[in-house]
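This report concerns only the one structure given below.
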Amino acid sequence: MGLFTLQEARAELARLRPTIAEIITLRADMVELSAALVPGGAPTDLGGLPERKAVEARLNELMTTVQETGAELKGMAPLLLDFPATLDGVDVLLCWLEGDADITWYHRADLGFAGRRPLQEP
């Protein structure tokens, strides 16, 4: 895996959209199933422990799928993806946050999310 150009990162994000949508759905299912399994938890039509384990296994598969692209999965709630890149000779991470329509932010790896800056496109 190497570095992404902005165009490559955007194309990879577009290819990952179905995977991302499934992760978001399964994340909500996992929370609901987990809440139902605690003592006194409200039952759910989603099932019980076997279904929770199945959701967890599927989430792990999907997270691996994302990471195999070279993207870095940095957060699950909200979903946060970073794409390693170089801008003006500086190593950065092109940053996509759940809810963003596109990749429009970046940050230096050593600064993390708090160092996010908007991309200045030509």
Side-chain angles (χ1 to χ4, degrees):
M1 322 253 173
L3 299 176
F4 289 86
T5 64
L6 179 57
Q7 181 179 355
E8 290 167 341
R10 286 177 168 161
E12 194 59 54
L13 178 63
R15 280 190 291 277
L16 284 171
R17 290 282 185 184
T19 302
I20 290 167
E22 188 175 355
I23 288 172
I24 291 168
T25 298
L26 291 174
R27 178 187 67 199
D29 291 351
M30 176 71 92
V31 170
E32 186 173 331
L33 285 161
S34 296
L37 291 171
V38 298
T44 175
D45 291 337
L46 295 175
L49 185 58
E51 290 77 15
R52 186 193 175 285
K53 288 184 179 218
V55 168
E56 183 176 11
R58 181 64 181 148
L59 276 171
N60 286 332
E61 290 173 11
L62 294 170
M63 290 186 298
T64 298
T65 297
V66 169
Q67 292 171 328
E68 286 174 345
T69 69
E72 299 174 7
L73 183 59
K74 295 289 183 77
M76 282 295 290
L79 199 61
L80 177 61
L81 299 178
D82 283 339
F83 297 84
T86 301
L87 292 178
D88 300 323
V90 177
D91 288 341
V92 299
L93 297 168
L94 301 172
C95 188
W96 178 84
L97 179 65
E98 182 179 333
D100 289 349
D102 197 1
I103 298 171
T104 57
W105 296 86
Y106 76 98
H107 59 84
R108 290 187 352 215
D110 62 326
L111 298 180
F113 187 84
R116 271 180 110 197
R117 296 181 183 277
L119 287 165
Q120 303 297 319
E121 295 189 58

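No experiment lies behind these values; they were computed from the predicted model shown. Residue indices begin at 1 and follow the sequence shown. As a basis for the values below, the full set of heavy atoms in this structure was taken, side chains included, without hydrogen atoms, waters or symmetry mates.
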Quiz item: Which distance, rounded to the nearest 0.5 Å, do you find between the CG of Asp91 and the CG of Asp110?
Solution: 10.0 Å
Exercise. Check the hydrophobic clustering (I, L, V, M, F, W, Y; side-chain heavy atoms under 4.5 Å; chains of links allowed) and say if Leu94 and Leu97 are grouped together.
Key: no
Quiz item: Do the side chains of Phe83 and Phe113 join up, straight or via other hydrophobic residues, at under 4.5 Å, putting them in one cluster?
Solution: no
Quiz item: What are the two closest heavy atoms between Pro84 and Gly70, and how far apart are they?
Solution: CD-O, 3.5 Å
Quiz prompt | Tyr106 reachable from Val90 in the ILVMFWY side-chain graph, under 4.5 Å edges | solution = yes
Practice problem: Compare every heavy atom of Trp96 with every heavy atom of Glu98, then report the nearest pair and how far apart it is. | Solution: CA-CH2, 3.6 Å
Practice problem: Measure from the side-chain N and O atoms of Arg27 to the backbone N and O of Met76, and report whether any donor-acceptor pair falls under 3.5 Å. | Solution: yes
Quiz item: So which heavy atom on Arg15 is nearest to which on Pro18, and how close?
Solution: O-CD, 3.4 Å
Quiz item: Can you name the salt bridge (charged side-chain N to carboxylate O under 4.0 Å, His left out) partners of Arg52, sequence neighbours left out?
Solution: Glu56
Practice problem: For Arg58, enumerate each residue passing the salt bridge (charged side-chain N to carboxylate O under 4.0 Å, His left out) test, keeping only those at least two apart in sequence or located in another chain. | Solution: Glu22, Glu61
Quiz item: In this structure, which one of Asp100, Leu119, Leu93 forms a side-chain contact (heavy atoms from CB on, under 4.5 Å) with Trp105?
Solution: Asp100
Quiz item: Are Ile20 and Val31 connected in a single hydrophobic cluster, I mean Ile/Leu/Val/Met/Phe/Trp/Tyr linked by side-chain heavy atoms less than 4.5 Å apart?
Solution: no
Exercise. Measure across Cys95 and Ile103 and return the closest heavy-atom pair with its distance rounded to 0.1 Å.
Key: O-CG2, 3.9 Å
Quiz item: What is the distance from atom CG of Leu13 to atom CD of Glu8, rounded to the nearest 0.5 Å?
Solution: 13.5 Å
Quiz item: To the nearest 0.5 Å, what is the distance between CG (Asn60) and OG1 (Thr65)?
Solution: 10.5 Å
Quiz item: Roughly how far, to the nearest 0.5 Å, is OG1 of Thr44 from CD of Glu51?
Solution: 9.5 Å
Exercise. Step by step, work out the side-chain contact (heavy atoms from CB on, under 4.5 Å) result for Leu87 and Leu6.
Key: CA-CA 9 Å; Leu87 292 178; Leu6 179 57; 5.9 Å; no
Quiz item: When rounded to the nearest 0.5 angstrom, what distance separates CG in Leu46 from CG in Asp29?
Solution: 5.0 Å
Quiz item: If you look at every heavy atom in Phe4 and Ala85, which pair is closest and at what distance?
Solution: O-CB, 3.1 Å
Quiz item: What distance do Thr25 atom OG1 and Met30 atom CE have between them, rounded to the nearest 0.5 Å?
Solution: 13.5 Å
Practice problem: List the steps, then state whether side-chain contact (heavy atoms from CB on, under 4.5 Å) holds for Leu81 with Leu73. | Solution: CA-CA 5 Å; Leu81 299 178; Leu73 183 59; 3.4 Å; yes
Self-check item: Set of salt bridge (charged side-chain N to carboxylate O under 4.0 Å, His left out) partners for Lys74, sequence neighbours left out
Solution: Glu72, Asp82
Practice problem: Specify the closest pair of heavy atoms between Leu26 and Val55, including all atoms of both residues, with the distance to one decimal. | Solution: O-CG1, 3.5 Å
